[in-house]
Amino acid sequence: QVQLVESGGGLVQPGGSLRLSCVVSGVSLDHYAIGWFRQAPGKEREGLACINDVDGTVRYAQSVKGRFTTSRGLAAKMVYLQMNNLKPEDTAVYYCATERSGSHYGCYLQSTDYDYWGQGTQVTVSS
């Protein structure tokens, strides 16, 4: 059974930082890509970043490039999203996701490429 659990969200002031964690069980992160997404009220789900250790691919959306970094943790089942220089428009529920079919090259920022999702963690950027 594939499960993803996000944590690390919270309230932060503009310009601050947060690190989100995603614990993944049921798939090996050596073979399956992980994507990070967010959804703000009244908006569509937005792809932010993805990572695939099959070929080392890491991709970022233009809206977060240079501010957000995704990485594998030392623990086998951990993936992180480091978020720096946060802005009020980054306020949203953040999700990690993985796919049903792994062992391919590359990763993608479309939600339709992912099959399993965590419950989300709220990030609020406000002074």
Side-chain angles (χ1 to χ4, degrees):
Q1 183 178 1
V2 180
Q3 289 188 322
L4 302 96
V5 180
E6 305 94 338
S7 61
L11 174 64
V12 63
Q13 292 186 341
S17 297
L18 282 175
R19 188 177 78 161
L20 304 184
S21 300
C22 176
V23 179
V24 185
S25 59
V27 297
S28 168
L29 294 182
D30 291 338
H31 303 292
Y32 288 79
I34 298 295
W36 287 96
F37 295 80
R38 69 185 177 191
Q39 189 163 20
K43 294 189 177 181
E44 292 187 356
R45 190 164 293 190
E46 177 188 11
L48 305 174
C50 62
I51 183 168
N52 188 355
D53 269 10
V54 172
D55 62 349
T57 297
V58 181
R59 296 181 63 191
Y60 297 97
Q62 196 61 39
S63 59
V64 303
K65 193 174 292 185
R67 299 190 298 125
F68 290 13
T69 304
T70 188
S71 61
R72 287 278 303 274
L74 293 177
K77 298 184 182 298
M78 297 293 295
V79 183
Y80 300 107
L81 183 69
Q82 177 68 41
M83 307 186 296
N84 298 328
N85 191 22
L86 284 162
K87 306 175 182 180
E89 52 263 41
D90 294 318
T91 295
V93 178
Y94 284 68
Y95 301 90
C96 58
T98 193
E99 54 201 358
R100 182 176 292 115
S101 298
S103 300
H104 61 81
Y105 295 152
C107 64
Y108 308 98
L109 298 179
Q110 291 79 33
S111 60
T112 52
D113 288 306
Y114 297 85
D115 304 290
Y116 303 102
W117 295 80
Q119 83 289 349
T121 186
Q122 176 71 45
V123 172
T124 302
V125 185
S126 175
S127 55

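Sequential numbering from 1 along the given sequence is applied to the chain's residues. Keep in mind it's a predicted model, so treat the numbers as computed, not measured.
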Do Trp36 and Met78 land in one hydrophobic cluster if side-chain heavy atoms of ILVMFWY residues count as linked below 4.5 Å? no

Taken in chain and number order and not counting sequence neighbours, the residues that satisfy ring-ring contact (aromatic ring centres under 6.0 Å, His included) with Tyr114 are Phe37

Pair listing, side-chain hydrogen bond (donor to acceptor under 3.5 Å, both in side chains) test, anchored in residues 37-50, at least two apart: Arg38-Glu46, Arg38-Asp90, Arg38-Tyr94, Gln39-Arg45, Glu46-Ser63

Report yes or no: does Tyr60 contribute a side-chain atom to a donor-acceptor pair with the main-chain N or O of Thr70 at less than 3.5 Å? yes

When you group the ILVMFWY residues by side-chain heavy-atom contacts below 4.5 Å and let the links chain together, are Ile51 and Leu18 in the same group? yes

Going by heavy atoms in the side chains, are Trp117 and Leu4 under 4.5 Å from each other? no

Are the side chain of Thr98 and the backbone N or O of Ala33 linked by a donor-acceptor pair below 3.5 Å? yes

Same cluster for Val58 and Tyr32 if Ile/Leu/Val/Met/Phe/Trp/Tyr side chains link at under 4.5 Å? yes

Could you walk me through whether Arg72 and Asp30 pass the side chain to side chain contact (heavy atoms under 4.5 Å, CB included) check? CA-CA 10 Å; Arg72 287 278 303 274; Asp30 291 338; 3.6 Å; yes

Do Glu6 side-chain atoms and Thr121 backbone N/O form a donor-acceptor pair below 3.5 Å? no

Is it the case that one hydrophobic cluster holds both Val93 and Met83, taking links as side-chain heavy atoms less than 4.5 Å apart, direct or via other members? no

Do any pairs count as a side-chain hydrogen bond (donor to acceptor under 3.5 Å, both in side chains) and have a residue in residues 12-29, sequence neighbours left out, and if so which ones? Ser17-Asn84

Side chain to side chain, Val123 and Leu20, heavy atoms closer than 4.5 Å: yes

Interatomic spacing from CG in Leu11 to CD in Gln122 - rounded to 0.5 Å: 9.5 Å

OH/Tyr108 to OG1/Thr57 distance, rounded to the nearest 0.5 angstrom? 8.0 Å

Atom pair CG/SG of Leu48 and Cys96 - distance to nearest 0.5 Å: 11.5 Å

Have a look at Cys107 and tell me which of Asp113, Ile34, Asn52 forms a side-chain contact (heavy atoms from CB on, under 4.5 Å) with it. Asn52

For Ala61 and Gly47, work out which heavy atoms get closest and say how close. CB-O, 3.3 Å

Are His104 and Asp55 close enough that some pair of their side-chain heavy atoms sits under 4.5 Å apart? no

Are Phe68 and Tyr80 joined in one hydrophobic group, where the rule is that I, L, V, M, F, W and Y side chains link up if heavy atoms are under 4.5 Å apart? no

